[in-house]
Amino acid sequence: MSLFDITGKVAIVTGARTGLGLGIAEGLAEAGCDIVGAGHARMPELERSVAALGRRFLYFDIDLTSQKDIPALVEAAVKEFGRLDILVNNAGIIRREDMLKFSEKDWDDVINVNLKSLFFLSQAAAREMEKRGGGKIINVASMLSFQGGIRVPSYTASKSGVAGLTKLMANELAKFNIQVNAIAPGYMATNNTEALQKDPVRSAEILARIPANRWGTPDDLKGAAVFLASRASDYVTGHILAVDGGWLAR
Ligand code: NAP
């Protein structure tokens, strides 16, 4: 399994306090990686599980609504651990409202966190990785990188943008041995989908379309994350890997 071994590597994972980011960060730590958890509230659960795996953990406080602290995040990772190998752009928010009533604030907040900060953090990380001879950037996309969705215009715009940026960055960074890919989770049971899970009509409609016949969990993303973070994916770049229980195949 040495192809998938990332022992001694260092990963920044944004939004790792809960949900999919927590699952991804734990998966990377299980494969041997030290973790910088970046978010706007401490991450005691992740800190405990990384320590239990014998890996090192650093929490970095950052509000990704703004881009001002992004350079400091990359600097802190390198100062603490001496290197940066992997960036997982996981932090993301969603606002649900009819398109005809959708506000400018709900547009700007979502685009800022999901798209603008993702781009500028990738830029800062790639500058560091380029100096060190390579790295891996993993973006968290969505089914709405492929489909339109309903009542989530800024989210759909942001995740469609994430798919495009994944390919642009892959094109520009390949010459620096930096691979850029995305994971597109299907319908996963987290805070992000709480409103859908609680809506009996929508949740039944969603479940009926999932061939695997269940919502996904954060653990379901571990394999894809380790693959895209490791040497096993060195010739894979610009790809959007759906982890969706078959949703897109339906
Ligand atoms: P979640 O539990 O709400 O996780 C979102 C994470 O982002 C949280 O850790 C949150 O931190 C962090 N975050 C939000 N705003 C932030 C900000 N301004 N600055 C820093 N961190 C911020 O939901 P999730 O489902 O795990 O979402 C993770 C990613 O997966 C998102 O990009 C989401 O769009 C994507 N996704 C989810 C699904 C799904 O079905 N759940 C499907 C496709 C894609 P706090 O908890 O501390 O606020």
Side-chain angles (χ1 to χ4, degrees), residues 12-27 35-47 59-70 72-73 87-96 105-106 108-122 137-147 149 152-163 165-166 182-199 202-203 206-207 209-210 212 214-222 224-225 240-245 247-248:
I12 294 176
V13 183
T14 66
R17 189 182 71 80
T18 53
L20 305 184
L22 175 61
I24 290 171
E26 286 178 344
I35 304 291
V36 180
H40 55 183
R42 293 200 79 87
M43 306 172 180
E45 193 178 341
L46 179 60
E47 190 159 1
Y59 168 67
F60 188 89
D61 188 61
I62 187 166
D63 178 358
L64 290 165
T65 312
S66 146
Q67 291 74 46
K68 72 178 171 44
D69 294 329
I70 283 175
L73 165 57
L87 166 66
V88 182
N89 282 306
N90 165 78
I93 56 173
I94 193 163
R95 300 277 163 79
R96 297 178 195 277
K105 179 168 172 30
D106 284 345
D108 288 342
D109 288 352
V110 172
I111 295 292
N112 257 319
V113 176
N114 296 14
L115 193 62
K116 189 170 178 184
S117 287
L118 174 143
F119 175 72
F120 285 103
L121 179 53
S122 300
I137 297 176
I138 304 168
N139 297 321
V140 176
S142 164
M143 293 297 96
L144 302 190
S145 302
F146 304 96
Q147 303 175 310
V152 287
S154 55
Y155 187 80
T156 300
S158 71
K159 294 297 183 178
S160 298
V162 168
L165 278 180
T166 298
I183 296 172
Y187 283 82
M188 318 296 279
T190 67
N191 297 337
N192 173 291
T193 52
E194 209 176 340
L196 293 180
Q197 294 171 63
K198 283 186 179 153
D199 178 335
R202 285 288 286 130
S203 71
I206 287 166
L207 191 59
R209 192 188 149 161
I210 304 174
R214 64 171 177 86
W215 287 59
T217 69
D219 279 357
D220 287 317
L221 297 189
K222 288 181 175 178
I240 300 161
L241 177 55
V243 181
D244 64 350
W247 172 276
L248 287 177

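In each ligand, atom 1 is the first atom listed, and ligand 1 is the first ligand listed.
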(request) Tell me which part of Leu144 gets within contact of ligand 1: side chain, backbone, both or neither, using heavy atoms under 4.0 Å. (result) neither

(request) Determine the interplanar angle of the Tyr187 and Trp247 rings, folded into 0 to 90°, and report it as parallel if under 30°, tilted if 30 to 60°, perpendicular if over 60°. (result) tilted

(request) Enumerate the atoms of ligand 1 whose separation from the nearest heavy atom of Thr193 is less than 4.0 angstrom. (result) 39 (C), 40 (O), 41 (N)

(message) When you measure from the side chain of Asp244 to the backbone of Leu248, do you find a donor-acceptor pair of N or O atoms at a distance under 3.5 Å?
(response) yes

(request) For atom 24 (P) of ligand 1, grab the closest protein heavy atom and report residue, atom and distance to one decimal in Å. (result) Thr190 OG1, 3.4 Å

(message) Distance check, rounded to the nearest 0.5 Å: His40 atom NE2 versus Asp61 atom CG?
(response) 9.0 Å

(request) Look at ligand 1 and say whether Lys159 reaches it with a heavy atom at a distance under 4.0 Å. (result) yes

(request) Consider only side-chain N and O atoms of Ser66 and Asp63, and report whether a donor and an acceptor are under 3.5 Å apart. (result) no

(message) Under a 3.5 Å distance rule, please check whether Ser154 uses its side chain to pair with a backbone N or O of Asp106 as donor and acceptor.
(response) yes

(request) Without swapping roles, check the side chain of Thr156 against the backbone of Pro153 for a donor-acceptor pair under 3.5 Å. (result) no

(request) Could you tell me whether some N/O pair between Asn90 and ligand 1 is separated by less than 3.5 angstrom? (result) yes

(message) Can you confirm, on distance only, whether ligand 1 has an N/O atom lying under 3.5 Å from any N/O atom belonging to Leu64?
(response) yes

(request) Could you establish whether Pro218 and ligand 1 come within less than 4.0 Å of each other, counting only heavy atoms on the residue side? (result) no

(message) If the condition is salt bridge (Lys or Arg N to Asp or Glu O under 4.0 Å), which residues does Arg42 pass it with, not counting sequence neighbours?
(response) none

(message) Pairs of nitrogen or oxygen atoms closer than 3.5 Å, one from Leu20 and one from ligand 1: do any exist?
(response) yes

(request) Report yes if Val113 has an N/O atom closer than 3.5 Å to an N/O atom of ligand 1; otherwise report no. (result) no

(message) Does any N or O of ligand 1 fall below 3.5 Å from an N or O anywhere on Val140, backbone included?
(response) no

(message) I'd like to know whether ligand 1 has Ala141 as a neighbour, heavy-atom separation below 4.0 Å.
(response) yes

(request) List the closest protein heavy-atom neighbour of atom 23 (O) of ligand 1: residue, atom name, distance to the nearest 0.1 Å. (result) Asn192 CB, 3.3 Å

(message) Show the atoms of ligand 1 that are less than 4.0 angstrom away from any heavy atom in Met188.
(response) 39 (C), 40 (O), 41 (N)

(request) Give a yes or no answer on whether the side chain of Ser158 reaches the backbone of Ile111 with a donor-acceptor pair at less than 3.5 Å. (result) no

(message) For a 4.5 angstrom cut-off between non-hydrogen side-chain atoms, does Leu20 reach Pro185?
(response) yes

(request) Output yes when a side-chain donor or acceptor of Thr166 lies under 3.5 Å from a complementary backbone atom of Val162, and no otherwise. (result) yes

(message) Are any of the N/O atoms on Gly39, whether in the backbone or the side chain, positioned under 3.5 angstrom from an N/O atom of ligand 1?
(response) no

(request) Give the atoms of ligand 1, by number and element, whose distance to some non-hydrogen atom of Tyr155 is under 4.0 Å. (result) 33 (C), 34 (O), 35 (C), 36 (N), 43 (C), 44 (C)

(request) Could you tell me whether the side chain of Thr193 and the main chain of Thr190 form a donor-acceptor pair under 3.5 Å? (result) yes

(request) State, without any angle test, whether Gln67 and Ser117 hold a side-chain donor-acceptor pair at a distance under 3.5 Å. (result) yes

(request) Look at atom 5 (C) of ligand 1 and find which of Gly92, Ala25, Ala242, Gly19 reaches it with the closest heavy atom. (result) Gly92

(request) Check ligand 1 against Pro185 and write out every atom of the ligand that is under 4.0 Å from a heavy-atom position of the residue. (result) 42 (C), 43 (C), 44 (C)

(request) Select the closest option to atom 16 (C) of ligand 1 among Met43, His40, Met143, judged by heavy-atom distance. (result) His40

(request) Measure the distance from atom 3 (O) of ligand 1 to every protein heavy atom, then report the residue, atom name and distance (to 0.1 Å) of the closest one. (result) Asn191 CB, 3.6 Å

(request) Any atoms of ligand 1 less than 4.0 Å from a non-hydrogen atom of Ile62? List them with their elements. (result) 19 (N), 20 (C)

(request) Identify, for atom 42 (C) of ligand 1, the protein heavy atom at the shortest distance, and state residue, atom and that distance. (result) Gly186 O, 3.2 Å

(request) Distance to 0.1 Å, residue and atom name: give those for the protein heavy atom nearest to atom 18 (N) of ligand 1. (result) Asp63 OD1, 2.8 Å

(message) Can you name the atoms of ligand 1, numbered from 1 with element, that are less than 4.0 Å from a heavy atom of Arg17?
(response) 9 (O), 45 (P), 46 (O), 47 (O)

(message) Which residue and atom name correspond to the protein heavy atom nearest atom 8 (C) of ligand 1, and how close is it?
(response) Thr18 OG1, 3.3 Å

(message) Checking a contact table here: which protein heavy atom is nearest atom 9 (O) of ligand 1, and how many Å away?
(response) Gly15 O, 3.0 Å

(message) Using the rule side-chain contact (heavy atoms from CB on, under 4.5 Å), only one of Asp219, Ile35, Val140 pairs with Ile24; which is it?
(response) Val140

(message) If we ignore hydrogens and angles and just use 3.5 Å, is the side chain of Ser160 paired with the main-chain N or O of Leu144 as donor and acceptor?
(response) yes

(request) In plain terms, say whether Arg95 and Asp108 are close enough for a salt bridge, that is, a side-chain N and a carboxylate O under 4.0 Å apart. (result) no

(request) Enumerate the residue pairs fulfilling salt bridge (charged side-chain N to carboxylate O under 4.0 Å, His left out) with a member in residues 15-25, sequence neighbours excluded, ordered by first and then second residue. (result) none

(request) Identify, by atom number and element, the atoms of ligand 1 in contact range of Thr65, meaning under 4.0 Å from any of its heavy atoms. (result) 18 (N)

(message) Under a 4.0 angstrom heavy-atom cut-off, which atoms of ligand 1 come close to Ile93?
(response) 14 (C), 15 (N)

